[in-house]
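By convention in this document, chain letters (A, B, ...) are assigned in the order of the sequence lines, proteins followed by strands, and residues within each chain are numbered from 1. Since the model is a prediction, treat every value here as computed from it, not as a measurement.
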Number of protein chains: 2
Amino acid sequence: MSGQNGRSLSARRYSCENCPLRPLPAFRAFEKQELVFVNGFKKGELTVDKGDTVLVEGSHSAHLYTVLSGWAFRYKLLPDGRRQILNYSMPGDLIGLQGSLMGEMQHSVEALSPMLLCLFEREALPELYRSHPGLAYDITWIASREERMLDENLLSVGRRTALERAAYLIAFISSRGRAVGLNGRTPVQIPITQQHLADTLGLSLVHTNKTIRKLMDRKLIFWRDGGCEVVDNERLKELARWEGLSEDRRPLI
Amino acid sequence: MSGQNGRSLSARRYSCENCPLRPLPAFRAFEKQELVFVNGFKKGELTVDKGDTVLVEGSHSAHLYTVLSGWAFRYKLLPDGRRQILNYSMPGDLIGLQGSLMGEMQHSVEALSPMLLCLFEREALPELYRSHPGLAYDITWIASREERMLDENLLSVGRRTALERAAYLIAFISSRGRAVGLNGRTPVQIPITQQHLADTLGLSLVHTNKTIRKLMDRKLIFWRDGGCEVVDNERLKELARWEGLSEDRRPLI
DNA sequence: CGGACACTTGATCGGTATCAATATACGTGG
DNA sequence: CCACGTATATTGATACCGATCAAGTGTCCG
């Protein structure tokens, strides 16, 4: 499995002016002229398969991506193979900013599903900063948002119990998913295995299974078709003592 | 203890042109013209006492700070009082960027020692982005660096054992301290209590004490005058399986 | 049909939390 | 100066959460 097999650069299907994501209420409106610039900034589209590695720790990627569709996760490894998943990426999220700014990647990114990515060149970033300060500001904003999510994750792993942690994580992911329209009116299907959950929560696989089971027994979630569905997001949040996402519109680069 | 008592706005003792930090090898050189701008961006200096709250979760601070001297820590609380320390701030670090960009603070910051802070106005940020794209880029870089540190911390809390975690944390803090000259040639004195360590590591106070004791028995660190000193940073890093900080020069705003 | 993978479940082990008690230093008010 | 409270560090005893070990199930797919 896995590897970098399913990657392929495809013709552009979307110009930024008719981006399928931008109309969503989660994103703030862009000036016409910003849209034009971003459209020029975009160099192509990339499709990757489930299990493909999008970016790998230690590499110096020349690219930066925005997720158009699909899911991925960001992770780090210890030398002996222990894995910590840091966060998940879904439509509208930027991938590879750290590497673009700082050179070497210090984490890897792997696709959880087939994905469609917008591709940007790292070298074009300085020009963006020079000509479009508003977009530059947006990029910093996006970096801050990532930091905020990490803060909450760290709080969770450090101080919440296993049950609270699992409840928080699932509520968090599904809230983010709903915000970018990953549902229709059916619940969001989160395409992860229990091993992914375990590696995000800092728990063993077996204990994660038993913890998830408690959430299922309480009818807060259920597990189906190799993925997780949320039944009662409110009670998950309550159980986790989590306030929920802030609802501000955010930029989409 | 604590509170916001010792805060006071003081006269400017340093103009940015003769900033005591900037000559350090940890920081990259600035253009003359950047320096002039930053100097105008700086609105004053603030002193705070040990234990003072610099920024508080839920507030909308109009300010942004750079640490000139002293130590602080950034943390979040759960409703029942459980605390997770997210990171430490030391000279050269920016405090309050998240709040400045996104509005409401979602974490608090408390001083671990007397501090001297440079004060900037949040309202001036857009002007910085408009007129100095290089500095804007730097600010994004700084946000990415914070994210990188959080990634490593999350890996630690999620996947390292108690002993590895403690070794990592102490090596990490002392490496950062040395990089900004907090030593002379004597080892860095880290001004934290074991309760701070515990709340950073995601461990109980008692177990943290027993873990620290093992590090002391192995003569890797010792505890003195209510603070921690590193005896053998290399062996700490080895024990934690940590590669160390990347040595790039960084911007100082 | 066999093998890989994801998910389950029970038994046992051990790392960490919790409880409890003591020691030391420090600051403050009597 | 002493008495007291508070903060910090320390240590032992015990409890429990979550890790590890060991099977076993179901499903998909070559």
Side-chain angles (χ1 to χ4, degrees), chain A residues 1-3 49-51 73 78 80-85 110 112-113 156-167 169-170 189-217 221-229, chain B residues 1-3 5-6 49-51 78 80-85 110-113 156-167 169-170 189-217 221-229:
Chain A
M1 58 156 289
S2 104
D49 285 348
K50 171 176 171 172
F73 64 96
L78 287 174
D80 63 3
R82 281 174 283 177
R83 178 174 74 171
Q84 178 66 38
I85 295 182
E110 181 180 320
L112 281 167
S113 71
S156 202
V157 176
R159 288 306 185 205
R160 283 192 246 248
T161 65
L163 192 66
E164 290 168 345
R165 251 184 260 185
L169 180 62
I170 294 173
Q189 242 277 15
I190 306 173
I192 57 179
T193 68
Q194 296 186 3
Q195 184 68 64
H196 291 118
L197 274 189
D199 286 347
T200 315
L201 300 171
L203 297 172
S204 73
L205 175 59
V206 172
H207 196 67
T208 298
N209 177 280
K210 288 168 181 169
T211 304
I212 294 297
R213 186 131 288 284
K214 284 184 194 167
L215 293 179
M216 293 176 66
D217 291 346
I221 64 167
F222 71 92
W223 208 265
R224 185 171 63 176
D225 301 333
C228 174
E229 286 178 23
Chain B
M1 58 157 289
S2 105
N5 317 309
D49 286 347
K50 171 177 171 171
L78 287 174
D80 63 3
R82 280 174 285 177
R83 179 175 74 172
Q84 179 65 38
I85 295 181
E110 181 180 321
L112 281 167
S113 70
S156 201
V157 174
R159 286 305 184 209
R160 282 194 248 248
T161 66
L163 193 66
E164 290 169 345
R165 250 184 259 185
L169 179 62
I170 294 173
Q189 241 276 12
I190 307 172
I192 57 178
T193 67
Q194 297 186 3
Q195 183 68 63
H196 291 118
L197 274 189
D199 287 347
T200 314
L201 299 172
L203 298 172
S204 72
L205 175 59
V206 172
H207 195 67
T208 298
N209 177 279
K210 288 168 182 168
T211 304
I212 294 296
R213 186 132 287 283
K214 285 184 195 167
L215 293 178
M216 292 175 66
D217 291 346
I221 63 167
F222 70 92
W223 208 263
R224 184 171 63 177
D225 301 334
C228 174
E229 286 177 22

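- Taking the side chain of N209(B) as heavy atoms from C-beta on, and the options dT10(D), dA19(D), dT20(D), the nearest nucleotide is dT10(D).
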Before you tell me yes or no, could you show the steps for D199(A) and R159(B) under side-chain contact (heavy atoms from CB on, under 4.5 Å), namely the whole-Å CA-CA distance, both residues' side-chain angles and the distance that decides it to 0.1 Å? CA-CA 8 Å; D199(A) 286 347; R159(B) 286 305 184 209; 2.7 Å; yes

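- The structure places CD1 of I212(B) at 11.0 Å from CG of D217(B), a figure rounded to the nearest 0.5 Å.
- Computed from coordinates, the R159(B) CZ to dA19(D) C1' distance equals 11 Å when rounded to whole Å.
- When rounded to the nearest whole Å, the span between CG of L215(B) and P of dT10(D) equals 12 Å.
- Counting any heavy atom pair closer than 4.0 Å across all strands shown, G227(A) reaches no nucleic acid atom.
- With rounding to whole Å, L201(A) atom CG is found 15 Å from dC17(D) atom C1'.
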Please test L169(B) against R160(B) for side-chain contact (heavy atoms from CB on, under 4.5 Å), starting from the C-alpha separation and ending with a verdict. CA-CA 11 Å; L169(B) 179 62; R160(B) 282 194 248 248; over 6 Å; no

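- Nucleotide dA9(D) holds its P atom 16 Å from the CG atom of D217(B), rounded to whole Å.
- Rounded to a whole Å, the CG atom of L197(B) is 13 Å from the P atom of dT8(D).
- Residue contacts shown for L205(B) are absent, as no nucleic acid heavy atom lies under 4.0 Å away.
- For Q194(B), the side-chain atoms get nearest to dA9(D) when compared with the rest of dA11(C), dA9(D), dA17(C).
- Following rounding to the nearest Å, M216(B) (CE) and dT10(D) (C1') show an atom-to-atom distance of 11 Å.
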For the pair H196(B) and R83(B), evaluate side-chain contact (heavy atoms from CB on, under 4.5 Å) and give the outcome as yes or no after the intermediate values. CA-CA 9 Å; H196(B) 291 118; R83(B) 179 175 74 172; 3.6 Å; yes

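- For the pair H207(A) NE2 and dT8(C) P, the interatomic distance rounds to 15 Å; values are reported in whole Å.
- Rounded to an integer number of Å, the gap from D225(A) CG to dC28(D) P is 9 Å.
- Of the candidate nucleotides dA22(D), dA17(C), dG12(D), dA17(C) has the atom nearest to the side chain of L203(B).
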Go through the steps to decide whether I221(A) and E229(A) satisfy the test side-chain contact (heavy atoms from CB on, under 4.5 Å), and finish with yes or no. CA-CA 6 Å; I221(A) 64 167; E229(A) 286 178 23; over 6 Å; no

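- Toward the 5′ end of DNA chain D lies the nearest nucleotide of T193(B), the other residue of the pair K210(A) and T193(B) mapping further downstream.
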